[in-house]
Amino acid sequence: MITMSSMRSHKLVLFFAIYCLLLQEKCTDASQCNESERKALLEFKHSLQAMDFLGDDALSSWISEECCLWDGVYCSSFTGYVEMLDFGYQSLVVAGTVSPSLLKLHHLTSLNFSSNDFNGSLIPEFFGSLKNLILLDLSNANFRGPIPSLLGNLSMLETLRLGGNSRVFNVGKLEWLSHLSRLKEVDLSFTNLSNANDWSQIINHLPLLQKLNLRDCDLPSISSSSVSLTNSSTSLNTLDLSDNNLPSSAIYPWLFNVSSNLVSLDLSSNQLKGPIPDAFGNMMAIQELYLSDNLFILAENQVRGDSGLNEIGNLPDFRVLDLGYNLLNGSISKSIGQLSNLQVLRLAGNSFDGDVISEAHFSNFPNLQELDLSYTSLTLKFNTGWIPPFQLSQIKLCSCKLGPRFPDWLRTQMDFLLVLEYLDISASGISDSLPYWFWDSLHGLNFINMSFNQISGTFLNKSIAVRHLDLSSNNFSGPLPSFSSIFMESINLSKNKFTGSVSRICNITAELLELLDLSNNLFSGLVPDCFKRLWSLTALNLADNSFAGSLPSSLGFLTPLEMLSLRGNKFSGELPSSLQNCTKLKFLDLSDNELSGEVPMWIGQRLSRLVFLSLQRNQFRGRIPHRLCGLKYLQILDLSVNKISDTIPPCINNFTSMAEKVSLDRRIEHHLSDEGIFVSFTRLRYVDEALFTWKGTKQRYPQLGLLLAIDLSCNQLTGEIPKELNRLQELVALNLSRNLFTGKILQKIGHLRQLEVLDLSRNKFSGNIPTSLSELTFLSTLDLSYNDLSGKIPTSTQLQSFDPSSFSHNRGLCGPPVSPSCSMVEPPPSKPAVGGEEDCDEFMKWFYTGMGLGFAVGFWGFCSVVLFKRSWRHSYYRYLDNAKDWVYVSFVLLKARLVRRTKALPTSCTR
């Protein structure tokens, strides 16, 4: 007889078996792609042009029947329906639009297009109809235009990321966001929310919100009425309001009402001022506090170390304190050591002048990983042999006082493998030799900056394996070091005393190298022709050495190159035609060499992005090519001290940057950044300095956009100045001196209203000084000397303030400052003054003419007297005979005297 319990057991087994069969059937069906969804996906693919970073089709897998196996497509393991499309970090979508065919994916819950490039497409409004979406990520995808308010229909949405699209903006208020009551994470960073006056109220209507990123959104200030309506949030734990210029009065009341559970708070780059509020000490859950780039000061109690802010030190999980770049001054209290669990301490950019930091400040920091005291002028004075309790991964002590001895405590931070990654001790007053242990302890270091010290040493048999290396402005010597890392991205050895050949460049295997600066050293010899393997270089600086020979043709392989400076060497020959392949060049300085040939036409055709071009002090000849006028971005053109002839091309007005008021590159910078394993920690900036003769002195200009200049001086240019030059209304400096220009000075030269320097000296200009010259109110340097100008000098406060030498050697000029009035001046000479190297020819011509004439008159006058007067002739011959006898007798006596002295000398040497 079957019992009830056994019957119940059989039923359970039967139910379990049926369930397994049904489950197996479901799983079997799920392995097959839904045909309607497959067609929708293919339609979606056809609207895009998706390529990976190698230029191949990023969706090449979308050809099989099983769409659930396609890249970026994820289906439900039970139903087989498409639930997720994820293209984040997989492909680079370079063109196209998002097809509405996505609406046919009725079960889609996650859509991720982050870190792609949609070429400024509008955010599709139909996204608001994908009702089942839980995640929508469009961050850093280059969308533009207004945020569709229809996104407020996505009632199931928990994660919304639209950040990193700088051209996206919200029209009006954020009311649509309040409908998304399930939101847990919102990222609207870098979008324009300047009209969203209700942003703080909307946030308070999102009860489940945990993460909010509103960085650089141009947020409006919070009104007092909105503060009164706020309710304390219990879910928000991560808040980023940085880069919004919010004032203290606008943010504090709202902030401290929603801060009870905040774990991470970023208020950096706002307008917060005054003492640091003690209310931050009431945030009992806080772990990360970022307050950099504000206007905070230290209150007296905070200097003493007894403020409520110190309560943070008692929190067991407080890890990050960033107070960099504020107005903090005075001394750093030793009570900072209460923050015993601190991992990151940033106090950079404050004014702790004269304060001394000792080991007592750091004795209670066993967990410290990052220390940033840059630009604080702090003195770090540690006892010899001190062993810190921490092991740092990042040390940033730029402009601190560490010297004059090399700090030996750094050895303790470098002895552990793969811990220290970043070391910056630049401008720290070290005047010592590099210790022997330094290069042996590098291991995992990625960034080293020891620039602007007086550190000495050589690198014999040392191989450097660092990703970013800056040893500039020191006293290092010896041959060029060896570089062994294939991951090196920047090398800066400028302004040292390195010598010898640079053939070791050919041994560099770092294909990612972007910056190589060996300028201002004592290198010599030929530059090896092996730049082909350094195809990632964007900046190459070999200036101010003693290199010789022709330029390497392999420079043409450096197609990403933006900056090339070979100034101040002994390079010779013509420019290699391969250089025209460097079409991204913005900065080209070949001055102070021995280069020859004609100025190539391809400079204007192929190097159209040039901002700075200097061929000064070479041996270039021929005419200025008309193609050079194609450099519409050019800000400085220096062709001075060459042998260039013919006329200035009239197309010179095509230099758009000099003719129109446009937005200019204030400086040419190269930004290099590294992504660490967890965080981007390396940001390097390299600025190209233009060397230009300004007001008679060579000066360096890192701020290029402040100077628009043309220097064609010391050549053999002829003809008149083209009237098209009048259109360069933004020109600041013009130097045409020491040429062979003729004709009149441009009558409308006063149209160059920004002109500060004008040098037309030592030419053959004639006629009057144009009255429009008096309209140049910014003019501070003027030289019109050594020409053939005439007439009255125009009257203006500006012109009369110049020294008379600015108008000298123009004999036809009159009036102040040359003479009190024109009635006292002699009429002008009949021949014009000669400019350039012939400015003294007029004087020398008359000098040699007078000398020849005087010789002829004297010689023939003497010969005539001797020829026609007999008594004088006999007396002259008698004088010559007596003179001859006297010379002969004197010679014989001198010879006899020397013979006697020779015989009187001893015949052997006494030892």
Side-chain angles (χ1 to χ4, degrees), residues 120 166-167 562-563 583-589 599 601-616 624-640 647-669 687-690 692-695 699 701-713 717 720-736 741 745-760 770-782 798:
S166 57
R167 293 184 292 172
E562 297 180 6
M563 182 269 192
T583 56
K584 294 183 179 180
L585 269 176
K586 294 182 180 180
F587 185 102
L588 179 59
D589 191 348
V599 178
M601 286 192 300
W602 48 259
I603 290 183
Q605 290 176 302
R606 302 278 294 170
L607 310 185
S608 57
R609 300 185 185 184
L610 279 176
V611 174
F612 176 88
L613 174 61
S614 178
L615 304 179
Q616 181 201 37
I624 300 175
H626 285 72
R627 298 288 187 181
L628 208 64
C629 299
L631 303 176
K632 61 180 181 179
Y633 302 111
L634 200 63
Q635 297 178 30
I636 296 180
L637 173 64
D638 191 347
L639 304 180
S640 62
T647 59
I648 298 177
C651 61
I652 194 172
N653 61 298
N654 290 338
F655 293 152
T656 308
S657 293
M658 302 180 185
E660 302 174 6
K661 188 178 289 293
V662 294
S663 177
L664 302 175
D665 287 335
R666 291 301 177 189
R667 57 176 68 200
I668 302 178
E669 297 180 346
V687 180
D688 304 333
E689 287 188 338
F692 185 74
T693 303
W694 172 259
K695 301 181 181 181
Q699 299 185 28
Y701 285 90
Q703 297 278 359
L704 286 184
L706 302 179
L707 181 62
L708 299 171
I710 295 178
D711 190 345
L712 305 179
S713 62
L717 295 167
E720 298 185 359
I721 301 177
K723 63 180 182 301
E724 287 79 4
L725 191 141
N726 285 327
R727 300 182 183 177
L728 305 184
Q729 299 182 19
E730 301 300 316
L731 199 63
V732 175
L734 176 63
N735 190 348
L736 304 179
F741 289 115
I745 298 175
L746 293 174
Q747 293 299 309
K748 296 182 179 180
I749 197 169
H751 288 184
L752 309 181
R753 297 299 175 87
Q754 305 300 321
L755 211 59
E756 296 182 30
V757 176
L758 177 62
D759 191 348
L760 303 179
T771 56
S772 65
L773 195 65
S774 61
E775 300 173 8
L776 301 179
T777 56
F778 294 114
L779 198 63
S780 59
T781 300
L782 175 67
Q798 200 78 5

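Positions are given from 1, in the same order as the sequence printed here. Because only heavy atoms are used, hydrogens play no part in the values below, and waters and symmetry mates are left out as well, while side chains stay in.
Checking side-chain atoms of Ser640 against main-chain N and O of Gln616 turns up no donor-acceptor pair under 3.5 Å.
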Please step through side-chain contact (heavy atoms from CB on, under 4.5 Å) for the pair Val611 and Phe587, ending with a clear verdict.
-> CA-CA 6 Å; Val611 174; Phe587 185 102; over 6 Å; no
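Taking both residues in full, the closest heavy atoms of Leu631 and Gly604 are given as CD2-CA, 3.9 Å, listed atom of the first, atom of the second, then distance. Summarising the geometry of Leu725 relative to Leu752, their closest heavy-atom pair is O-CD2, 3.5 Å, with the distance given to 0.1 Å. Between Ile749 and Ser772, the closest heavy-atom pair is N-OG, 3.5 Å. Heavy-atom minimum distance, Asn726 versus His751: O-CB, 3.9 Å. Residue Ser657 comes nearest to Leu634 through the heavy atom pair CB-O, 3.4 Å, listed as atom of the first residue, atom of the second, then distance.
The structure places CD of Gln798 at 9.5 Å from CG of Leu773, a figure rounded to the nearest 0.5 Å. Atom NZ of Lys586 sits about 10.5 Å away from atom CD of Gln635, to the nearest 0.5 Å. Annotation: the span from Leu728 atom CG to Asn653 atom CG amounts to 7.0 Å, rounded to 0.5 Å.
By the side chain to side chain donor-acceptor pair (under 3.5 Å) test, Arg609 pairs with no residue at all, sequence neighbours left out. Partners of Glu775 under the salt bridge (Lys or Arg N to Asp or Glu O under 4.0 Å) rule, at least two apart in sequence or in another chain, are Arg753. Every residue two or more places apart in sequence or in another chain that forms a side-chain contact (heavy atoms from CB on, under 4.5 Å) with Pro649 is listed here: Ile624, His626, Cys629, Cys651.
Screening Leu779, Thr781, Leu731 against Leu758 for a side chain to side chain contact (heavy atoms under 4.5 Å, CB included) leaves a single residue, Leu779.
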